[in-house]
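Below is one structure, written out as structure tokens; the observations come after it.
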Amino acid sequence: MMKMMVCGLSTKLLNICIASFCKVRLLEKAEAIVIDGIRLGVIPDVVTYNTLVSAYSRFVSLDAAYSVIHRMKEAGISPNVITYNSLMSGATWNCLLSRSLDLFEEMLLAGIHPNLWSYNILMHCFFKLGKPDEANRVFQDILLSNLTPHPSTLNIMINGLCINGYIDNALMLYRNLRRHGFVPQLVTYNILINGLCKARKLRQARRILKELGESGHEPNLITYTTVMKYCFRSNKYDKGLEIMSVMMGKGYTFDGYAYCTVVAALVKTGRIEEANACMEQTIRNGIELDLVSYNTLLNMYCREGKFEAAYKLLDEMENGGLLCDKYTHTIIIDGLCKAGNISGAQKHLHYMKMMGFHENLVALNCMIDGLCKAGQIDRAMELYKSMETKDSFTYTSLVHNLCKAGRFRLASKLMMKCLRHGKKIPKATQRAVFDGLYSSGFTDEARKLWWKIRVARILH
Ligand SMILES: *[C@@H]1O[C@H](CO)[C@@H](O)[C@H](O)[C@H]1NC(C)=O
């Protein structure tokens, strides 16, 4: 069938086919078409290969993309600036920033002239690498050459200065550009507002916000969320909530993340009723929070000691068909332990096991720590014995608390077991056991322990 598709068609059509397959990540199909094309005498050109380079660098790996260059050379086709731009943006996409710089150099060495997009990527990389001076030099090169900067170039520049802490320079550049007739896009305003909020320059942020209002652009969800988040972060909850109502009034639908931010802010200020109302609205609006959002909220509730609300949320999660993970349970158990509600924590531990999470090491460690802190060290030991896996935290917590209770021999036994399994225990805790044994007259034990520690150090 594929043969029929390309039979008698031009390279241009071949390229369209390949681009469509690449777009939906069917790279094998795209390759099959290339082969069929060649067999039928439709010769791939530079566009064909560039399409493959771009797809490989996005969906597979930079190395896979780079190997296409060898194939091009074998086929007698020279890579061009678009090939290299694709590779560079692929490298950037995969966070291989210095690789991107190498590719730029390779392109120059191959005698290929970079275009504006090559420079854009290069600037972006330099900024991401924390080298604003180099980025600025590229920018000056663009201005000195005959290239006309695209709005994206200016946005990259302003954003790069912001993320590198040069917010004043970013602002200066923005003003300068405006004087020279640059018309900012909405994204430009958002970049500046975000940068100014992060640098806590609220007065200037407000000014840019005002300019945005006068520009004829409508602030979008990103603008509002940025300002709202800033307000919450700097404890200006009322202001943040006010922005939220403005957004709602404008008919913006929040995403789960924004809702999560709002609910967290309400819980933090002790407005549990409002937080619950907001949660209910989230659900009414049909917005599905993901597990991470739920866990974040749960954590917030637990930290504020609002366990009733936490359990209500848990109900909601389970009734909504969301599968809680081990973090969900750990958060609750840890919260209850920290609040000193050991029986509640134990009840939840039981529930967690019933739900199939037997070996949730972190939760079990929280429980052990909670029991120890509540002075129920024997119950902590019982729990320890029932655990299949233990880690350094389990041992350290128990040994530390056994020492505090003056039970040095048991502490020593436990510590030796820990060392035998190659697990680490802090030096201070080791010292406490050792000193405790000595001062309570168990000198033989102390000596034995000393050797065990030495041996463990050599072995592990
Ligand atoms: C402890 O937590 C449980 C929830 O598991 C709760 O029912 C109980 O009232 C709490 N007890 C205290 C003293 O807060």
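Ligands are counted one by one from 1 in listed order, and the atoms in each one are counted from 1 as well. Quantities reported herein were computed from a predicted structural model and do not represent experimental measurements.
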Between Arg175 and Glu211 (salt bridge meaning N to carboxylate O under 4.0 Å), is one present in this structure?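 Salt bridge flag = yes for Glu211 with Arg175.
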Top protein contact for atom 7 (O) of ligand 1, by heavy-atom distance: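 The closest one turns out to be Lys347 NZ, 4.2 Å.
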Atoms in ligand 1 with a heavy atom of Leu336 nearer than 4.0 Å: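 Taking each heavy atom of Leu336 in turn, ligand 1 has 2 (O) under 4.0 Å.
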Near Tyr311, which atoms of ligand 1 are under 4.0 Å from a heavy atom of that residue?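 Near Tyr311, meaning under 4.0 Å from one of its heavy atoms, ligand 1 has 4 (C), 5 (O).
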Does a side chain donor of either Asn155 or Ser152 reach within less than 3.5 Å of an acceptor in the other side chain?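 Checked: Asn155/Ser152 side chains show no N/O donor-acceptor pair below 3.5 Å.
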Between Thr92 (side chain) and Met88 (backbone), is there a donor-acceptor pair under 3.5 Å?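 A pair under 3.5 Å: yes.
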Any sub-3.5 Å donor-acceptor pair from Ser397's side-chain atoms to Thr394's backbone N or O?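 A pair under 3.5 Å: no.
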Heavy-atom nearest option to atom 14 (O) of ligand 1, drawn from Ile332, Asn341, Ile333: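 Ranked by closest heavy atom to atom 14 (O) of ligand 1, first place is Asn341.
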